Amino acid sequence: MRGSHSEGGGASTELALGAVDVLPAGALEERLASGRPLRVKLGIDPTAPDIHLGHVVVLEKLRQFQAAGHVAVLIIGDYTARVGDPSGRSALRPLLAPEEIDANSRTFQEQAFKVLDPDATEVRRNSEWLDMPSAELFALVRRFTVARLLERDDFSKRMAAAEPVSLLELLYPVLQGYDSVAVESDLELGGTEQRFNLLFARDVQTSFGREPQAVMTMPILPGTDGVRKMSKSLGNYVGVTEPASEIFGKLMSVPDDAMPLYWELLVGERLDRSRHPNEAKRDLARRICDRFAGPGSGTAAEERFDRIHLDRETPADAPVHRIEIGGDVHLPALIREAFGVSGSEARRLLAQGAVRIDGETVPADRLDLPSGDLAGRVIQLGRRRFVRVVPD
RNA sequence: GGGGGAGUGCCAGAGCGGUCAAAUGGAACGCGCUGUAAACGCGUCGGCUAUGCCUACGCAGGUUCGAAUCCUGCCUCCCCCA
């Protein structure tokens with residue numbers, strides 16, 4: 001049973017709402033009591049081009065601190081992205097090209113401002129201080145021991161399973177910790193999988209004679225499969241820049257079991273269990289659309305959704321695919337081009353009755369159609385892919 | 001420095017000379033059911049203008065009528081000893 005995470009770490013402040021833990025006990029209250037604005041750090045490694053709802057959970061927490069008058073320090077980990085965070089990893093992370101990291105950094109920052117107030121956010125890239133001469137790097141890393149780093153679960157598990165752990169990965173916590181020194185962090189936020197990194201940063205700060213930061217961890221948001229962590233690489237994410245129709249559709253496909261967590265982490269309210277699950281899910285989906293795709297987009301997306309799935313209508317805004325008029329059209333080829341699947345796949349789908357033209361299933365043995373019969377019609381592939389065929 | 005083991009499809013993991021486009025499970029996809037939820041049932045899951053053809057089992061060669069399966073070299077990973 002998961003759901004209520006509110007009282008973690010004994011922090012009684014409103015700002016700790018939803019957090020899994022706030023460590024060490026009392027540290028946050030103590031700092032808040034000082035009355036000065038705290039420097040609240042959140043680091044995100046730009047390993048993918050888009051921010052999704054999983055990132056939003058922790059960004060939203062940062063926004064709350066911001067709203068309470070504290071300083072939001074958003075670190076784009078353009079340098080640590082090159083190293084690769086071993087947290088929760090069971091294998092070596094593939095390396096990203098520098099240009100890729102650079103492009104991701106830009107979109108990340110832009111998209112983070114869909115949650116944060118840009119005027120009250122200090123954005124830093126950690127290459128500013130981590131891109132240092134090796135002599136300085138050595139001086140930094142010699143402060144810590146291998147035994148201390150190997151305490152972490154991910155490493156011991158991988159080593160036990162005879163899987164590789166690179167030297168570079170071992171360095172990751174040290175680098176992330178040094179970020180805290182560089183930005184003089186009072187509090188660092190992160191997902192629960194970041195606990196080791198966040199706590200290790202305290203050691204790094206201490207070794208530099210700084211006051212160690214408090215840390216606050218937030219629950220991990222499951223992806224649209226309802227089970228695994230939301231992530232780009234698992235393909236179970238909802239991006240904040242996606243069109244409302246996508247956001248709505250994806251959220252509706254999230255299993256009911258994950259709804260309490262979605263409500264708590266994304267809407268900031270407890271799910272009212274007396275509501276019909278379908279209605280509660282629609283409500284959530286509308287709110288998220290309104291927030292990220294623009295006010296009112298939720299209702300519009302919902303209407304479109306119902307037209308397609310309840311009334312079985314074809315969407316008016318389906319992408320357009322042009323064909324030449326004259327002669328027959330070979331359906332597998334058309335599907336391949338229109339939907340970006342392979343020709344073999346197209347044939348299989350056809351054979352499985354997954355192709356509809358204006359709502360009518362194409363017979364499995366039908367491979368060619370006169371082009372005249374296709375012009376102006378909507379081809380549907382499976383439940384949610386649509387293309388409107390238009391004469392060229 | 002010495003000794004041993006392993007690299008198979010999106011992932012995990014069988015296969016160990018022909019019947020292998022490669023068992024099985026998971027993921028994914030499709031159809032049905034439904035609340036585009038879950039669960040369940042059935043099916044698909046390399047490519048190709050397709051009853052056949054092509055490309056594939058770390059990479060490169062070789063042996064064989066025939067290789068994922070045998071040999072040689074290379075690359076990568078792991079373990080043990082020092």
Side-chain angles (χ1 to χ4, degrees), chain A residues 88-95 155-169 222-238 244-263 271 273 275-286 289 301-315 323 327-337 339-356 359-369 371 379-386:
Chain A
R89 283 272 145 178
S90 56
L92 274 167
R93 194 181 270 273
L95 217 58
F155 288 153
S156 42
K157 274 191 194 141
R158 279 161 63 181
M159 307 239 299
E163 276 157 10
V165 173
S166 93
L167 205 48
L168 197 57
E169 289 182 278
T224 51
D225 56 16
V227 180
R228 296 173 298 168
K229 177 185 178 184
M230 182 175 282
S231 87
K232 168 88 176 176
S233 55
L234 291 174
N236 61 357
Y237 70 103
V238 181
S245 58
E246 276 298 304
I247 295 178
F248 197 92
K250 283 188 180 182
L251 287 174
M252 286 305 286
S253 76
V254 173
D256 293 353
D257 292 346
M259 272 304 113
L261 215 45
Y262 267 66
W263 269 85
L271 170 66
R273 288 174 190 269
R275 301 177 77 183
H276 188 282
N278 188 35
E279 183 36 50
K281 198 183 290 183
R282 283 168 180 270
D283 190 6
L284 173 103
R286 278 193 304 265
C289 285
E302 184 174 24
E303 280 166 12
R304 176 183 188 276
F305 179 86
D306 285 340
R307 275 200 307 279
I308 295 168
H309 299 290
L310 256 45
D311 308 336
R312 292 239 161 195
E313 270 180 38
T314 52
I323 58 164
D328 280 0
V329 173
H330 191 58
L331 289 174
L334 176 65
I335 292 163
R336 182 186 61 215
E337 283 156 29
F339 296 98
V341 299
S342 74
S344 299
E345 170 113 52
R347 279 167 186 267
R348 277 183 229 122
L349 289 164
L350 223 31
Q352 292 179 110
V355 181
R356 294 190 183 83
E360 220 160 300
T361 304
V362 178
D365 54 355
R366 196 76 203 238
L367 290 186
D368 298 277
L369 269 185
S371 55
I379 303 186
Q380 178 179 358
L381 190 66
R383 281 178 295 181
R384 37 183 313 182
R385 285 174 283 183
F386 297 90

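Owing to the predicted nature of the structure, the values given are computational and were not obtained by experimental measurement. Every heavy atom of this structure was used, including side-chain atoms; hydrogens, water molecules and symmetry mates were not. Numbered from 1 within each chain, the chains take letters A, B, ... in sequence-line order.
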What's the gap between [N] and [M] when it is taken at their [atom1] atoms, as a whole Å value?
N	M	atom1	result
U55(B)	G47(B)	P	16 Å
G43(B)	G25(B)	P	12 Å
G15(B)	U24(B)	C1'	11 Å
C59(B)	C45(B)	P	24 Å
U19(B)	C74(B)	P	32 Å
U51(B)	G5(B)	C1'	45 Å

Main-chain N/O of [Y] paired to [X] side chain as donor or acceptor, under 3.5 Å:
X	Y	answer
Y262(A)	D256(A)	no
Q380(A)	R383(A)	yes
E360(A)	V362(A)	no
N236(A)	S231(A)	yes

Residue mapping more 5' on RNA chain B - nearest nucleotide basis, A333(A) or K250(A):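 Counting from the 5' end, the first nearest nucleotide belongs to K250(A).
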Which residue lies more 5' along RNA chain B, comparing V254(A) with G382(A) via nearest heavy atoms: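 Checking each residue's closest nucleotide, the 5'-ward one belongs to G382(A).
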Applying a 3.5 Å limit to both distances, which nucleotide forms a Watson-Crick or G-U wobble pair with [N]?
N	result
G43(B)	C29(B)
G61(B)	C71(B)
U49(B)	none

I want to check one thing: is the phosphate of [N], taken as OP1 and OP2, less than 4.0 Å away from some side-chain N or O of [X]?
X	N	result
S342(A)	G47(B)	yes
R356(A)	C31(B)	yes
R348(A)	C45(B)	yes

Touch class at under 4.0 angstrom, heavy-atom based, for P255(A) against every strand present: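 Here P255(A) touches the backbone only, sparing every base.
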Sugar-phosphate, base or nothing in reach of G249(A), heavy atoms under 4.0 Å: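 If one applies the 4.0 Å heavy-atom cut-off, G249(A) turns out to touch a base.
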